[in-house]
Asker: 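I have a structure here, written as C-alpha cells, and I will follow up with some questions on it.
Labels below follow one simple rule: chain letters A, B, ... track the order of the sequence lines, proteins then strands, and each chain is numbered from 1.
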Amino acid sequence: MINEALREINRGAAEIIDSERVEKLLKAYFEEGKNYTVKAGFDPTAPDLHLGHTVLLQKLATFQKYGGRVQFLIGSFTAMIGDPTGKSATRKVLTKEDIVKNIKSYTTQAFKILDADKTDIVYNNEWLDDLGAAGMLQLASNLTVARMLERDDFSKRYASQTPIAVSEFMYPLLQGYDSVYLKSDIEIGGTDQKFNLLMGRQLQKSYEIKKQQAVLMMPILEGLDGIQKMSKSLGNYIGVTDTPNDMFGKVLSISDDLMWRFYELLSTKTLDEIAALKVAVEDGSKHPKVVKEELALEITARFHTQEEASNAKIEFDKIHSKSQIPTDIPEFECDGDVWIAKALLDCNIEPSTSQARRDIKQGGVKIDQEKVTDDKLQLTTGEYLLQVGKRKFAKLKVK
RNA sequence: GGUGAGAUAGUCAAGUGGCCAACGACGGCGGACUGUAAAUCCGCUCCCUACGGGUUCAGAGGUUCGACUCCUCUUCUCACCA
C-alpha cells in the first residue's frame, strides 16, 4: 500500500529532493494516520489555466489521496513584485482587481481536480504584509548576492546586461519565507521553480524549523506539437475552459508518443492500468486511436461533464471519421442571385473571390454535398449548404 | 557623431534595366491517402464576376520606350568605429 502510494507520487516527477522525508511522512500516515502539508504556490497573473498547469494540481490530488493536506498558496503579495522565472524582462505589476478576479477563476478551475475538504487556500499577503522592513532585512540577510546570481535566469540577465530590479531578488526569498511561515512538509512546483523551491529549504533551516520541506518538481508539459512547452503564447495549449468539442479534438490531434506522456502526467488511471494499455497497443489487441479517445474522454469529462464529453466524441466522429456535417453551422442571408465565389466570401468561409475560384477549380467546394465544377455559377433563390474543404461550412439563404 | 550594409508577399529569403505578380523554403489552403486535425504524395498560394483588368518589392521624387533592379532625398534596421 505504501509502495503503491510512493509509486504514484513518483510518477512523472522530474526530481525529488529529500525523498526520505516523503517516505517518512507517508509511513507516518499509513501507520499512525498522521497528516502532513503539501504546499504549492500559484501566481494569479493570468486568468486561465491550461493542461500544463493541471499537472501540478493532479500531483496535489495524489497527495490528498495519501494523507496530504494541500496548502494552496495564492501569491497575492508576490504578484505585485513579478517573478522573473522564464521571462527575461521585468514583469508588469497587476492591479488588485485583476488579481482578485484571477484568483476566483483559478480556484473554481482547480477544484475540478482537488478535493476541497483537504485544501487550505492561503494568501501570502496575510503574513507578508506584516513582515515589515525589519523582517524583510532579516530575511534578506540570509542570502548573499553571489548566491542569488547562481540562479540561471539572473546570471544570464546579468551577463547580457539586461536589467534586474533589486526587488526581483526578493521574490525567491518571499516564496521561501512562505514555507517558513506555513511550516510546509513538502512543496511541489515545476522544474523551472527549482531555485525558489530550494530557497524554502534553506530558509526553513535558517529559521530553525526542525524538518526542512521535501521538494518535488514536475516536468513542464509539452504542447500539442510535442516539442515546445505548452503555453498560451505558442498557441499549442489545451485550456481548461476550452469547449468540450475543442478539448476532445485537441487531445485526439496529439501524436501517439505524446499520448503516453499525457497519460502519465494527466490521467487518473493508475500506472498499472496505463502499462496494460501500452501492452495492448503493442500487441495489436487495442487500436491506438481507441486508447487516445479514452484519454480525450477522460480529460474532457474532468473539465466538463461525462455527457458533454461523449457528445464531443460523437460530434468528432461525425465530422472527421464519417465526414458528415457538424451540428452548428453559421447561417447567412443575402438578396437576389449571387455569384458562388462572392457568396463564399460573404459567408466568411473564403478570404477572397480569387481563393474561392481556386478552390472550386480544385474540387474543394460543395453545395448541398455536391461538388461544384462551374466557377461562374449563380445561386438563385433558395437555401444552400455551402462547404469548403472538409471543415468549413455555412448555410446561406438567398432571397 | 562617423563609416559601411540593408529594407522584397503571412514569415524567412532569391532577384542587380525588359524573360517579374516576382526562384526557393516554411506556413496556409485544397485534393489523395490514413484511426487522426499526424506522416506522406499532388496542386494552389496579391486583388478583381477574370483567357482580360488593377495594385505591389520601406516612402517620396527623378532617369528611361521600359525599373524590384540606376540616381536623389526621407524614414527605419543592422554592423564596425568613436
Asker: If rC46(B) has a Watson-Crick or G-U wobble mate with both distances under 3.5 Å, name it; if not, just say none.
Answerer: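 Here rC46(B) is engaged in a pair, and the nucleotide opposite it is rG54(B).
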Asker: Could you work out which one of rU36(B), rC29(B), rU49(B) sits closest to the side chain of W339(A)?
Answerer: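 Per side-chain heavy atoms of W339(A), the pick is rU49(B).
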Asker: How many whole angstroms separate atom CG of L345(A) from atom C1' of rU49(B)?
Answerer: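 Atom-to-atom, L345(A) to rU49(B), this comes out as 12 Å.
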Asker: Taking the same atom, C1', in rC78(B) and in rC19(B), what whole-Å distance lies between them?
Answerer: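 Those two atoms are separated by 34 Å.
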Asker: Mind calculating the distance between CD1 (I254(A)) and C1' (rU36(B)) to the nearest angstrom?
Answerer: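 Rounded to the whole Å, the gap is 11 Å.
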Asker: Quick check: on RNA chain B, is the nucleotide nearest K371(A) upstream (toward 5') of the one nearest P351(A), or the reverse? Name the residue that is more 5'.
Answerer: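 Its nucleotide being nearer the 5' end, the pick is K371(A).
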Asker: Using the P atoms only, state how far rU69(B) lies from rG61(B), rounded to an integer number of Å.
Answerer: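 One P to the other, the span is 14 Å.
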Asker: side-chain hydrogen bond (donor to acceptor under 3.5 Å, both in side chains) with K286(A): which residues, sequence neighbours excluded?
Answerer: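 K286(A) satisfies side-chain hydrogen bond (donor to acceptor under 3.5 Å, both in side chains) with E294(A) only.
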Asker: When the P atoms of rG27(B) and rA38(B) are considered, how many whole Å apart are they?
Answerer: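 rG27(B) and rA38(B) have their P atoms separated by 11 Å.
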Asker: Can we say R11(A) and E264(A) salt-bridge, meaning some charged N sits less than 4.0 Å from an Asp/Glu carboxylate O?
Answerer: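 No, no charged N to carboxylate O under 4.0 Å.
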Asker: Roughly, in whole Å, what's the span from CD in E294(A) to P in rU36(B)?
Answerer: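 It works out to 18 Å between those atoms.
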Asker: Roughly how many Å apart are rG10(B) and rC46(B), using the C1' atom of each and rounding to a whole number?
Answerer: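 It works out to 12 Å between them.
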Asker: Starting from the 5' end of RNA chain B, give me the residue, K342(A) or S253(A), whose nearest nucleotide shows up first.
Answerer: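 This one resolves to S253(A).
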Asker: Among residues at least two apart in sequence or on other chains, which ones pass salt bridge (charged side-chain N to carboxylate O under 4.0 Å, His left out) with E370(A)?
Answerer: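 For E370(A) there are no salt bridge (charged side-chain N to carboxylate O under 4.0 Å, His left out) partners, ignoring immediate neighbours.
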Asker: Between K390(A) (NZ) and rA37(B) (P), how many Å, whole number?
Answerer: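 In whole Å, rA37(B) P and K390(A) NZ are 6 Å from each other.
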Asker: side-chain hydrogen bond (donor to acceptor under 3.5 Å, both in side chains), that's the test. Do Q204(A) and S184(A) meet it? Break it down for me.
Answerer: CA-CA 9 Å; Q204(A) 283 181 328; S184(A) 310; 5.0 Å; no
Asker: Using the C1' atom in both, what is the distance from rC47(B) to rU55(B), to the nearest Å?
Answerer: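 My reading of the C1' atoms in rC47(B) and rU55(B) gives 7 Å.
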Asker: Rounding to an integer number of angstrom, what distance separates rU8(B) and rC57(B) when you compare their C1' atoms?
Answerer: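 It works out to 4 Å between them.
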Asker: Closest approach to the side chain of K392(A), judged atom by atom: which nucleotide of rC48(B), rU49(B), rG30(B) is it?
Answerer: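 So the side chain of K392(A) is nearest to rG30(B).
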Asker: May I ask which nucleotide in the shown strands pairs with rG17(B), Watson-Crick or G-U wobble, both distances under 3.5 Å?
Answerer: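 Paired with no nucleotide.
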Asker: Tell me every residue that passes side-chain hydrogen bond (donor to acceptor under 3.5 Å, both in side chains) with R358(A), counting only those two or more places apart in sequence or in another chain.
Answerer: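 For R358(A) the side-chain hydrogen bond (donor to acceptor under 3.5 Å, both in side chains) partners, ignoring immediate neighbours, are Q355(A).
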Asker: What integer number of Å spans the C1' atoms of rG31(B) and rU56(B)?
Answerer: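 To the nearest whole Å, 30 Å.
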Asker: Using atom CG of L344(A) as one end and atom P of rC47(B) as the other, report the distance to the nearest whole Å.
Answerer: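 My rounded result for the distance is 14 Å.
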Asker: Closest to the S352(A) side chain: rC47(B), rU49(B), rG35(B)?
Answerer: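 From the listed options, rC47(B) comes nearest.
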Asker: Which nucleotide, in any strand shown, forms a Watson-Crick or G-U wobble pair with rU77(B), with both distances under 3.5 Å?
Answerer: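 Because both required distances fall under 3.5 Å, rU77(B) counts as paired with rA5(B).
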Asker: For rU49(B), does either OP1 or OP2 sit under 4.0 Å from a side-chain N or O belonging to T353(A)?
Answerer: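 Looking at the OP1 and OP2 atoms of rU49(B), one of them is under 4.0 Å from a side-chain N or O of T353(A).
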Asker: For E350(A), report the nucleic acid contact type (base, sugar-phosphate, nothing); a contact means any heavy atom under 4.0 Å.
Answerer: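 Answer is nothing: E350(A) stays at 4.0 Å or more from every strand.
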Asker: Tell which nucleotide pairs with rC23(B), taking only Watson-Crick or G-U wobble pairs whose two distances are both under 3.5 angstrom.
Answerer: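 Paired with no nucleotide.
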Asker: How many Å lie between CG on D374(A) and P on rU49(B), as a whole number?
Answerer: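 After rounding, the gap between these two atoms is 15 Å.
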Asker: If you check the S354(A) side chain, which of rA50(B), rC29(B), rG35(B) turns out closest?
Answerer: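 Selected nucleotide: rA50(B).
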Asker: For S19(A), check side-chain contact (heavy atoms from CB on, under 4.5 Å) against everything at least two apart and list the hits.
Answerer: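 Here the qualifying residues are I16(A).
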Asker: Within this structure, what is the CD-to-C1' distance between Q355(A) and rA50(B), rounded to whole angstrom?
Answerer: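 These atoms are roughly 16 Å apart.
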Asker: Could you please name the partner base of rC70(B), counting Watson-Crick and G-U wobble pairs only when both distances are under 3.5 Å?
Answerer: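 Partner of rC70(B): rG62(B).
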Asker: Can you establish whether the number of heavy atoms outside Q306(A) located under 6.0 Å from its atom CD is more than 12?
Answerer: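 Open: at most 12 neighbouring heavy atoms sit under 6.0 Å from CD of Q306(A).
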Asker: Run the side-chain hydrogen bond (donor to acceptor under 3.5 Å, both in side chains) test against E333(A) and tell me which residues pass, sequence neighbours left out.
Answerer: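 E333(A) satisfies side-chain hydrogen bond (donor to acceptor under 3.5 Å, both in side chains) with K399(A) only.
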Asker: Are R261(A) and E222(A) close enough for a salt bridge, meaning some N to O gap below 4.0 Å?
Answerer: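 Here R261(A) pairs with E222(A) in a salt bridge, since their nearest N and O are under 4.0 Å apart.
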Asker: Mind checking who rU40(B) pairs with, Watson-Crick or G-U wobble, both distances under 3.5 Å?
Answerer: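 Its partner is rA32(B) (Watson-Crick or G-U wobble, both distances under 3.5 Å).
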Asker: What is the separation between atom CD on E315(A) and atom C1' on rA37(B), rounded to the nearest whole Å?
Answerer: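 Between C1' of rA37(B) and CD of E315(A): 14 Å.
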Asker: Between rG52(B) and rG43(B), how far apart are the two C1' atoms, rounded to whole Å?
Answerer: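 24 Å, rounded to whole Å.
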Asker: Which parts of residues 356-367 of chain A get close to RNA chain B, meaning a heavy atom less than 4.0 angstrom away?
Answerer: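 Correct list: R357(A), R358(A), D359(A), Q362(A), G363(A), G364(A).
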